[in-house]
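To start, the structure under review is shown below, and the notes come after it.
Everything quoted here is computed from the prediction, not taken from an experiment. Quick note: numbers below take in every heavy atom, side chains included, and nothing from hydrogens, waters or symmetry partners.
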Amino acid sequence: QVQLVESGGGLVQAGGSLRLSCAASGLTFNWYAMGWFRQAPGKEREFVATINRSGGLTSYSDSVRGRFTISRNNARNTVYLQMNSLKPEDTAVYYCAARSAGMITDVEAQYNYWGQGTQVTVSS
């Protein structure tokens with residue numbers, strides 16, 4: 001049974017930082033590309049960042065590029081999202097996702113497994 005468990009969310013002031021973690025189990029982690037998505041209240045879920053199997057290739061949405069960094073530790077079956085210079089518009093539930101094909105993509109439908117999400121709230 002595949003499980004993705006996010007952690008690290010919380011309340012932070014604008015300009016602050018948070019690091020999200022996503023621990024994976026029940027899959028061969030280094031076979032999977034990983035992604036982070038987010039869903040703000042009243043909005044559709046949107047792509048944030050993705051990383052390939054080895055960690056050598058990443059991609060970001062325009063809204064977070066330069067502020068967020070995705071990384072992974074295959075020995076620990078964990079993917080991270082370091083979020084700096086947070087803005088109120090970054091407030092959302094953040095989800096991690098796994099894609100068995102291994103190649104990075106920003107297309108939500110191409111991910112096979114999803115976590116339950118962790119809330120990030122940025123106050124102004």
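Residues passing the side-chain contact (heavy atoms from CB on, under 4.5 Å) test with Ala40 are Lys43, Ala92, sequence neighbours excluded. Remark: Arg53 engages no residue in a side-chain hydrogen bond (donor to acceptor under 3.5 Å, both in side chains) (not counting sequence neighbours). With sequence neighbours left out, Ser7 forms a side-chain contact (heavy atoms from CB on, under 4.5 Å) with Ser21. Scored by the side-chain contact (heavy atoms from CB on, under 4.5 Å) test, Ser17 finds Gln82, Asn84 as partners (sequence neighbours excluded). Partners of Arg45 according to the side-chain hydrogen bond (donor to acceptor under 3.5 Å, both in side chains) rule, which considers only residues two or more places apart in sequence or in another chain, are Glu108.
Follow the hydrophobic side-chain contacts under 4.5 Å out from Val93 and you never reach Met34; the two are in separate clusters. Residues Ile51 and Val2 fall within the same hydrophobic cluster, defined by Ile, Leu, Val, Met, Phe, Trp and Tyr side chains chained together at heavy-atom separations under 4.5 Å. Cluster membership check: Val12 shares its hydrophobic cluster with Leu81, using side-chain heavy-atom separations under 4.5 Å among Ile, Leu, Val, Met, Phe, Trp and Tyr.
One distance of note links OG of Ser123 with CD of Gln13; it measures 5.0 Å at 0.5 Å rounding. Expressed to the nearest 0.5 Å, how far NZ of Lys87 lies from OG of Ser124 amounts to 14.0 Å.
Here side chain to side chain donor-acceptor pair (under 3.5 Å) pairs that include residues 69-79, with residues two or more places apart or in two chains, are Arg72-Asn74. Applying the disulfide bond (SG atoms under 2.5 Å apart) definition to pairs two or more places apart or across chains, none involves residues 37-82. A side chain to side chain donor-acceptor pair (under 3.5 Å) check over residues 88-97, counting only residues at least two apart or in different chains, returns the pairs Arg38-Asp90, Arg38-Tyr94, Arg67-Asp90.
When all heavy atoms of Trp36 and Ile70 are compared, the closest pair comes out as CD1-CD1, 3.5 Å. In terms of heavy-atom proximity, Ser59 sits nearest to Ile104 at CB-CD1, 3.9 Å. Minimum interatomic distance between Asn52 and Gly55 (heavy atoms only, all atoms of both residues): OD1-N, 3.0 Å.
Residues Leu86 and Phe68 form a side-chain contact, since some pair of their non-hydrogen atoms from C-beta on lies under 4.5 Å apart. In this structure the side chain of Met83 reaches within 4.5 angstrom of the side chain of Leu20, judged on heavy atoms.
With side-chain heavy atoms closer than 4.5 Å counting as contact, directly or through intermediates, Val5 stands alone and belongs to no larger hydrophobic cluster. In the hydrophobic clustering (ILVMFWY side chains linked at under 4.5 Å, chained through shared members), Met103 stands by itself. Chaining together hydrophobic side chains whose heavy atoms lie under 4.5 Å apart leaves Leu11 on its own.
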For residues 111-118, which side-chain N or O atoms pair as donor and acceptor with protein atoms under 3.5 Å away, sequence neighbours left out?
unit_1 : atom_1 : unit_2 : atom_2 : d
Tyr111 : OH     : Thr50  : OG1    : 3.0
Tyr111 : OH     : Thr105 : O      : 2.6
Asn112 : OD1    : Ser100 : N      : 2.7
Asn112 : OD1    : Ser100 : OG     : 3.1
Thr118 : OG1    : Gly9   : N      : 3.3

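No donor-acceptor pair closer than 3.5 Å links the side chain of Arg99 to the backbone N or O of Ala33.
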